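So the structure is just underneath, and the comments pick up after that.
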Amino acid sequence: QVQLVESGGGLVQAGGSLRLSCAASGSIFRINVMGWYRQAPGKQRELVATITNGGSTNYADSVKGRFTISRDNAKNTVYLQMNSLKPEDTAVYYCNAKHTIGPIVVGPSYWGQGTQVTVSS
């Protein structure tokens with residue numbers, strides 16, 4: 001029903017920058033929240049940032065001041081600009097889309113295939 005395709009991952013040195021993109025397609029008219037999650041080897045998947053269709057954003061404490069989430073409604077695409085990258089940011093990053101009322105997911109939740117981000121020291 002909804003397809004998410006991520007791009008922009010890669011290898012970067014500490015202190016560098018990357019921009020991730022997530023393009024949504026399909027029956028997306030009920031989606032009101034999109035975001036990025038990440039999962040490092042041996043660790044639980046964690047939320048990185050979210051953005052609502054009204055432009056409200058939320059960030060994990062570990063990325064505040066370094067990462068910026070944004071959206072382009074015309075392209076049905078959400079971005080994650082990652083600056084001042086650290087080795088601990090190394091993970092597979094996943095795009096997520098859902099329909100929520102406050103913190104409650106009231107519709108299907110969709111995931112992209114993931115894109116690898118590796119930050120060298």
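Everything numeric here is computed off the predicted structure, so don't read it as measured data.
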**OP:** Indicate the atoms forming the closest heavy-atom contact of A97 with M34, along with that distance.
**Re:** CB-CG, 4.1 Å
**OP:** Looking only at non-hydrogen atoms, find the nearest pair between S17 and N83 and report the distance.
**Re:** OG-OD1, 2.9 Å
Subject >> From I69 atom CD1 to Q81 atom CD, the distance as rounded to the nearest 0.5 Å >> reply: 12.0 Å
Original post:
Do W111 and I51 belong together in a cluster built from hydrophobic side chains that touch within less than 4.5 Å?
Top reply: no
**OP:** Show your working on side chain to side chain donor-acceptor pair (under 3.5 Å) between N96 and S109 and close with a plain yes or no.
**Re:** CA-CA 7 Å; N96 174 258; S109 183; 2.9 Å; yes
**OP:** Hey, could you give me the CG/CD1 distance between N76 and I28, rounded to the nearest 0.5 Å?
**Re:** 3.5 Å
Original post:
Applying the side-chain contact (heavy atoms from CB on, under 4.5 Å) test to R38, which of V92, V63, L80, T115 qualifies?
Top reply: V63
Original post:
Mind checking whether Y37 and M82 sit in one hydrophobic cluster, side chains of I, L, V, M, F, W, Y counted as touching below 4.5 Å?
Top reply: no
Original post:
Residues in side chain to side chain contact (heavy atoms under 4.5 Å, CB included) with T100, at least two apart?
Top reply: N32, V33, K98, V105
Original post:
For Y79, is the NZ or CZ atom of R19 found under 6.0 angstrom from the centre of its six-membered ring and inside 45 degrees of the ring axis?
Top reply: yes
Original post:
Are Q116 and T90 close enough that some pair of their side-chain heavy atoms sits under 4.5 Å apart?
Top reply: yes
**OP:** For residues L47 and A60, report the shortest heavy-atom separation together with the two atoms involved.
**Re:** O-CB, 3.5 Å
Original post:
G9 and V117: which non-hydrogen atoms are nearest, and at how many Å?
Top reply: CA-CG2, 4.2 Å
**OP:** Any chance you could measure R71, atom CZ, to T57, atom OG1, to the nearest 0.5 Å?
**Re:** 11.5 Å
Subject >> Check ion pair D61-K64 (N to O, under 4.0 angstrom) >> reply: yes
Original post:
With Y94, which residues qualify under ring pair (Phe, Tyr, Trp, His ring centres under 6.0 Å), at least two apart?
Top reply: none
Original post:
Parallel, tilted or perpendicular for Y93 and F67, by the 30°/60° rule?
Top reply: tilted
**OP:** Hey, could you give me the SG/CD distance between C22 and Q113, rounded to the nearest 0.5 Å?
**Re:** 8.5 Å
**OP:** For atom CZ of R45, decide whether the heavy atoms of other residues, nucleotides or ligands shown that lie under 6.0 angstrom number more than 12.
**Re:** yes
**OP:** Report the residues that fulfil side chain to side chain contact (heavy atoms under 4.5 Å, CB included) with S84, sequence neighbours left out, ordered by chain and then residue number.
**Re:** R66
Subject >> Spatial distance of atom CG (L11) from atom CD (Q13) [nearest 0.5 Å] >> reply: 8.0 Å
Original post:
Looking only at heavy atoms, what is the nearest atom pair of Y110 and L4, with distance?
Top reply: O-CD1, 3.5 Å
**OP:** Quick one: closest heavy-atom pair of V12 and G16, and the distance?
**Re:** CG2-CA, 3.8 Å
Original post:
Has the side chain of E6 got a donor or acceptor atom that lies under 3.5 Å from a matching backbone atom of G114?
Top reply: yes
